Amino acid sequence: QVHIVESGGASVQAGGSLRVSCADSGYPVSFIFMAWFRQAPGKEREGVAGIYTRDGDTYYADSVKGRFTLSQGNAKNTVYLQMNDLKPEDTATYYCAASRYGFSPLSTWYQTRRYDYWGQGTQVTVSS
């Protein structure tokens, strides 16, 4: 059974850095696409970054381009989100999502309906 687990959330000051991790601790099926979403209180869940695991192509929301980097780990179904130059508006619960069979076009990666599995989230708080 798939069990997505996020880790690494913390409280940091503006301008700081943080790396959050996502892994499948259950039966390791292969995910074609993995992504990070975030949700702040009173706001909709939004796509932050996604990765096509077959070739490593990455996709980013405009709000995080140049600051966040999504990468794959050596273990199957493991991804890392390196967040630099954090801003108070980055404060949110960050969720990892996975798509087992992929979807088309990949440019729709930010749509929550594209994903089959979700983690419980990890809190990132950025103070000014």
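Bear in mind that the values here come from a model prediction, so they are computed numbers and not experimental data.
- At most 12 heavy atoms of other shown residues, nucleotides or ligands fall within 6.0 angstrom of atom CD in Q120.
- A pairwise comparison of heavy atoms in W109 and A35 identifies CE3-CB, 4.5 Å as the closest pair.
- When the side chains of ILVMFWY residues are joined at heavy-atom separations under 4.5 Å, either directly or via intervening members, V79 and V48 end up in a single hydrophobic cluster.
- Taking every heavy atom of both residues into account, A23 and T78 meet most closely at CB-OG1, 4.0 Å.
- For the residue pair R38 / T93, no side-chain donor-acceptor distance below 3.5 Å is found, with atom types taken as modelled.
- Within the 3.5 Å criterion, the main-chain N or O of L70 finds no donor-acceptor partner in the side chain of T58.
- Relative ring orientation between W118 and Y95 is described as perpendicular, the plane-to-plane angle rising above 60° on a 0-90° scale split at 30° and 60°.
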Working for side-chain contact (heavy atoms from CB on, under 4.5 Å), residues C22 and I4: CA-CA 7 Å; C22 170; I4 303 292; 3.6 Å; yes

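- The 12-atom threshold is not exceeded at CD of Q13, counting heavy atoms of other residues, nucleotides or ligands nearer than 6.0 Å.
- Going from atom CD of Q72 over to atom OG1 of T53 covers 5.5 Å, rounded to the nearest 0.5 Å.
- Taking CZ from F68 and CE from M83, the interatomic distance works out to 5.5 Å, rounded to the nearest 0.5 Å.
- Two different hydrophobic clusters hold V5 and V29 under the rule that ILVMFWY side chains link at heavy-atom gaps under 4.5 Å.
- Taking OG of S11 as the start and CD of Q123 as the end, the distance is 7.5 Å to the nearest 0.5 Å.
- Counting heavy atoms from C-beta on, the side chains of W36 and Y80 never come closer than 4.5 Å.
- With hydrogens and angles ignored, the 3.5 Å screen pairs a side-chain donor or acceptor of D24 with a backbone N or O of H3.
- Checking side-chain atoms of T122 against main-chain N and O of S7 turns up no donor-acceptor pair under 3.5 Å.
- In this structure, D90 does not pair ionically with K87, as no charged nitrogen and carboxylate oxygen lie closer than 4.0 Å.
- Taking the six-membered ring where the residue is Trp, the centroids of Y117 and F31 are separated by under 6.0 Å.
- The main-chain N or O of I51 is never found under 3.5 Å from a side-chain atom of D57 such that the two would form a donor-acceptor pair.
- V20 is listed as a side-chain neighbour of V124, based on a closest heavy-atom distance under 4.5 Å.
- The backbone N or O of G121 lies less than 3.5 Å from a partner atom in the side chain of E6, making a donor-acceptor pair.
- Here the straight-line distance linking atom CG of L81 with atom SG of C96 works out to 9.5 Å at 0.5 Å rounding.
- A heavy-atom distance below 4.5 Å is not found between the side chains of Q82 and S71.
- No cation-pi contact links R45 to F37, judged by a cut-off of 6.0 Å to the six-membered ring centre and 45° from its axis.
- Note on ring orientation: taking the six-membered ring where Trp is involved, the planes of F103 and Y115 are perpendicular (angle over 60°, cut-offs 30° and 60°).
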Test log, rule side-chain contact (heavy atoms from CB on, under 4.5 Å), inputs M34 and S99: CA-CA 6 Å; M34 298 184 73; S99 169; over 6 Å; no

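- Separating the CG atom in N84 from the CG atom in L18 is a distance of 9.5 Å, to the nearest 0.5 Å.
- Residues S128 and A14 approach most closely at CA-CB, 4.2 Å, considering heavy atoms.
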Side chain to side chain donor-acceptor pair (under 3.5 Å) between T108 and R114, worked out: CA-CA 8 Å; T108 61; R114 295 302 191 185; 3.0 Å; yes

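- The structure places OG of S17 at 10.5 Å from CZ of R67, a figure rounded to the nearest 0.5 Å.
- Without hydrogens or angle criteria, D85 side chain to G15 main chain gives no donor-acceptor distance under 3.5 Å.
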